Engineer: 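Pasting a structure here, questions to come.
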Amino acid sequence: MKIKTIYIKEVDSTNNYLAAYPSTDEEEMVVAWTDFQKAGRGCGTNKWESEAGKNITFSVLIHPQQVAAKDQFILSMANALALKSTLEAFTAGISIKWPNDVYWNDRKLCGTLIETTLRGSQIKDCIIGTGINVNQHAFLSDAPNPVSLAQILGHEVDREQVLADVVNNLEQYINKVSNGDWQAVRNEYRSSLYRRGEVHDYRYPDGTVEQLRFVDVSNDGHLLLQRVHNRELLAFAFKEIAFVV
C-alpha cells in the first residue's frame, strides 16, 4: 500500500485538512498529523483535549475498495483493532470500548472520529481522525476518565514511533478488509470489547440508568444489551445509550 505522511505543526483539525486534501489514485493512504489541533473534534459535539506537543493527533484518509455504506462499521472495527494492537505493546489492560474508543482498564486512552463520503451506495473516501494520549501528565477538561501512556508507564514515550506503529497496524487491518477477511476482523473486535459478557449500569439519554448485560455488537455496529430480569434483547445505535464508568 502506498502511504504518504504529512506533518503540520498546527491546524484546526486534521480531519478538516484531509477533507480538503487533493488526493490521487497513487496515494492509497494519506496520514496527516500535528502537534496541536486548535479545534480537535470528538464524536457529536465533544471536543478532544490534547496538550500541544505531548500527544498524537492525526487523521488517515483511505479509499476503501468495495465497502458499501451499510457495511462501513467494518472500517471502524479495523481501526480500533490497529490502535489496540499498538497500545497493548506498551501495557496490559487494553480493550475497545464500543464503538471505537480504546481503554486502559476503566480509563480512556484513545478516541476516534470517522467521517465518510459516498459514491452511490459505496464508500468513496473514509477519514479516520484519532487522538492518542501519549505524554500528557495532567488533563484539565471535564472529560471523566482520561489517561495517557506516560501516566500508565511512569515515563514518556516516542510519539512518532507510536504513530508509525499505528499506521503499520492499520495498513494490515485495512488489507484484511480489502481481501474480504471480514469475519476474522469481526471476531477479533468482539473478543477485544470492554465489558463484553458483563452486567453493568447503562444510562439512557433521559438520564435513567438500568443494569444490562453486554451481549455483543452487531455487524452494522449496534450495541446489543440484555435485560437481566427477563432476558429481553435490546439494540442501540451510538448515542442512544451510554456506559456508566
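None of the values given here were measured: they were computed from a predicted structure.
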Engineer: Do the side chains of Val31 and Lys4 get nearer than 4.5 Å, heavy atoms only?
Structural biologist: no
Engineer: Working note: Asp216 + Arg196, criterion salt bridge (Lys or Arg N to Asp or Glu O under 4.0 Å); need CA distance, chi angles, decisive distance, verdict.
Structural biologist: CA-CA 7 Å; Asp216 207 347; Arg196 186 184 178 204; 3.7 Å; yes
Engineer: Does the Asn230 side chain pair with the main chain of Glu232, one donor and one acceptor, at a distance under 3.5 Å?
Structural biologist: yes
Engineer: Report yes if some heavy atom in the side chain of Ile152 is under 4.5 Å from a heavy atom in the side chain of Phe90; otherwise report no.
Structural biologist: no
Engineer: Hey, are Tyr194 and Asp106 close enough side-chain-wise for a donor-acceptor pair under 3.5 Å?
Structural biologist: yes
Engineer: Is any side-chain heavy atom of His200 closer than 4.5 Å to a side-chain heavy atom of Leu212?
Structural biologist: no
Engineer: Indicate yes or no for a side-chain donor-acceptor contact from Trp104 to the backbone of Thr91 under 3.5 Å, with no hydrogens or angles considered.
Structural biologist: no
Engineer: Return yes if a side-chain donor-acceptor contact under 3.5 Å exists between Gln183 and Asn187, otherwise no.
Structural biologist: yes
Engineer: Do Asn135 and His137 have side-chain atoms, one donor and one acceptor, less than 3.5 Å apart?
Structural biologist: no
Engineer: So, taking the atom named CH2 in Trp182 and the one named NZ in Lys176, what distance separates them when rounded to the nearest 0.5 Å?
Structural biologist: 15.0 Å
Engineer: Which heavy atom of Ser59 sits nearest to which heavy atom of Leu18, and what is that distance?
Structural biologist: O-CD1, 3.4 Å
Engineer: Are any non-hydrogen side-chain atoms of Glu171 and Ile3 less than 4.5 angstrom apart?
Structural biologist: yes
Engineer: Any donor and acceptor pair, going by atom type alone, linking the side chain of Gln226 with main-chain N or O of Phe214 inside 3.5 Å?
Structural biologist: no
Engineer: Please evaluate residues Phe139 and Asn133 with respect to the criterion side chain to side chain contact (heavy atoms under 4.5 Å, CB included), reporting the C-alpha separation (whole Å), side-chain torsions for both, the decisive distance (0.1 Å), and the verdict.
Structural biologist: CA-CA 10 Å; Phe139 293 88; Asn133 297 327; 3.6 Å; yes
Engineer: State the OG1-CD1 distance between Thr116 and Ile123, to the nearest 0.5 angstrom.
Structural biologist: 5.0 Å
Engineer: Report yes or no: do Glu10 and Thr34 form a side-chain donor-acceptor pair below 3.5 Å?
Structural biologist: no
Engineer: Checking Asp35 now: which residues fulfil side chain to side chain contact (heavy atoms under 4.5 Å, CB included) with it, not counting sequence neighbours?
Structural biologist: Tyr7, Lys9, Trp33, Arg159
Engineer: Is Val228 linked to Leu234 within one hydrophobic cluster, defined over Ile, Leu, Val, Met, Phe, Trp and Tyr using a side-chain heavy-atom separation of less than 4.5 Å?
Structural biologist: no
Engineer: Treating Gln136 as the side-chain partner and Glu51 as the backbone partner, does any N or O pair qualify as donor plus acceptor under 3.5 Å?
Structural biologist: yes
Engineer: Mind checking whether Leu225 and Val209 sit in one hydrophobic cluster, side chains of I, L, V, M, F, W, Y counted as touching below 4.5 Å?
Structural biologist: no
Engineer: Got a second to check how far Asn100's CG is from Leu113's CG, nearest 0.5 Å?
Structural biologist: 8.5 Å
Engineer: Please determine, by modelled atom types, if Thr130 and Thr112 share a side-chain donor-acceptor pair under 3.5 angstrom.
Structural biologist: yes
Engineer: Rounded to the nearest 0.5 Å, how far apart are OG1 of Thr14 and CZ of Phe58?
Structural biologist: 8.5 Å
Engineer: Provide the closest heavy-atom pair for Ile174 versus Ala78 in the form atom of the first, atom of the second, distance.
Structural biologist: CD1-CB, 4.3 Å
Engineer: Would you give me the side-chain donor-acceptor pairs under 3.5 Å for residues 161-168, sequence neighbours excluded?
Structural biologist:
residue : atom : partner : partner atom : Å
Gln161  : NE2  : Asp165  : OD1          : 2.8

Engineer: May I ask you to test the Glu115-Asn15 pair for a side-chain heavy-atom distance under 4.5 Å?
Structural biologist: yes
Engineer: List the steps, then state whether side chain to side chain contact (heavy atoms under 4.5 Å, CB included) holds for Val199 with Arg213.
Structural biologist: CA-CA 4 Å; Val199 175; Arg213 185 184 306 279; 3.6 Å; yes
Engineer: Would Val185 and Leu81 count as a side chain to side chain contact (heavy atoms under 4.5 Å, CB included) if you check the C-alpha gap in whole Å, the side-chain angles of each, and the deciding distance to 0.1 Å?
Structural biologist: CA-CA 8 Å; Val185 173; Leu81 287 169; 3.9 Å; yes
Engineer: Do the side chains of Asn145 and Tyr103 get nearer than 4.5 Å, heavy atoms only?
Structural biologist: yes
Engineer: Output all residues satisfying ring-ring contact (aromatic ring centres under 6.0 Å, His included) with Tyr202, sequence neighbours left out; order by chain, then residue number.
Structural biologist: Phe243
Engineer: Just by distance, no angles: are the side chains of Tyr204 and Glu240 close enough, under 3.5 Å, to form a donor-acceptor pair?
Structural biologist: no
Engineer: Less than 4.0 angstrom from a charged side-chain N to a carboxylate O is my criterion; do Lys108 and Asp101 meet it?
Structural biologist: yes
Engineer: Is Phe238 reachable from Val245 through a run of hydrophobic residues whose side-chain heavy atoms are each under 4.5 Å from the next?
Structural biologist: yes
Engineer: Does Gln122 use its side chain to pair, donor to acceptor, with the backbone of Arg119 at less than 3.5 Å?
Structural biologist: no
Engineer: Taking all non-hydrogen atoms of both residues, which atom of Lys2 and which atom of Glu28 are closest, and how far apart?
Structural biologist: N-OE1, 2.8 Å
Engineer: Taking only Lys NZ, Arg NE, NH1 and NH2, and the carboxylate oxygens of Asp or Glu, determine whether Arg227 and Glu210 approach each other closer than 4.0 Å.
Structural biologist: yes
Engineer: Any donor-acceptor pair under 3.5 Å linking the side-chain atoms of Tyr21 with those of Glu27?
Structural biologist: yes
Engineer: Ignoring hydrogens and angles, tell me if any N or O in the side chain of Arg107 forms a donor-acceptor pair with the backbone of Pro146 under 3.5 Å.
Structural biologist: yes
Engineer: If Ile, Leu, Val, Met, Phe, Trp and Tyr residues are connected whenever their side-chain heavy atoms lie under 4.5 Å apart, and connections chain through other members, are Ile128 and Val11 in the same group?
Structural biologist: no
Engineer: Nearest heavy-atom pair of Val67 and Pro64: which atoms, and what distance?
Structural biologist: CG2-CB, 3.8 Å
Engineer: Looking at every non-hydrogen atom in both residues, tell me the closest pair between Asn219 and Arg190 and how far apart they are.
Structural biologist: OD1-NH2, 2.7 Å
Engineer: Testing the basics here: between Glu156 and Lys54, what is the closest heavy-atom pair and its distance to 0.1 Å?
Structural biologist: OE2-NZ, 3.1 Å
Engineer: Scan side-chain atoms only and decide if Ser85 and Asn169 contain a donor-acceptor pair under the 3.5 Å cut-off.
Structural biologist: no
Engineer: Quick one, Ile132 and Leu83 - any side-chain contact, counting heavy atoms below 4.5 Å?
Structural biologist: yes
Engineer: Determine, using the 4.5 Å side-chain heavy-atom cutoff (strictly less than), whether Leu61 and Met29 are members of one ILVMFWY cluster.
Structural biologist: no
Engineer: Between atom CG of Asp12 and atom NZ of Lys38, what is the distance when rounded to the nearest 0.5 Å?
Structural biologist: 6.5 Å
Engineer: Can you tell me how far apart OG (Ser121) and NZ (Lys70) are? Round to the nearest 0.5 Å.
Structural biologist: 8.5 Å
Engineer: Indicate yes or no: at least one non-hydrogen side-chain atom of Pro99 is less than 4.5 angstrom from one of Phe73.
Structural biologist: yes
Engineer: Under the criterion side chain to side chain contact (heavy atoms under 4.5 Å, CB included), I'd like the reasoning laid out for Ile114 against Ile127: C-alpha separation, chi angles, the key distance, then a yes or no.
Structural biologist: CA-CA 6 Å; Ile114 298 178; Ile127 298 175; over 6 Å; no
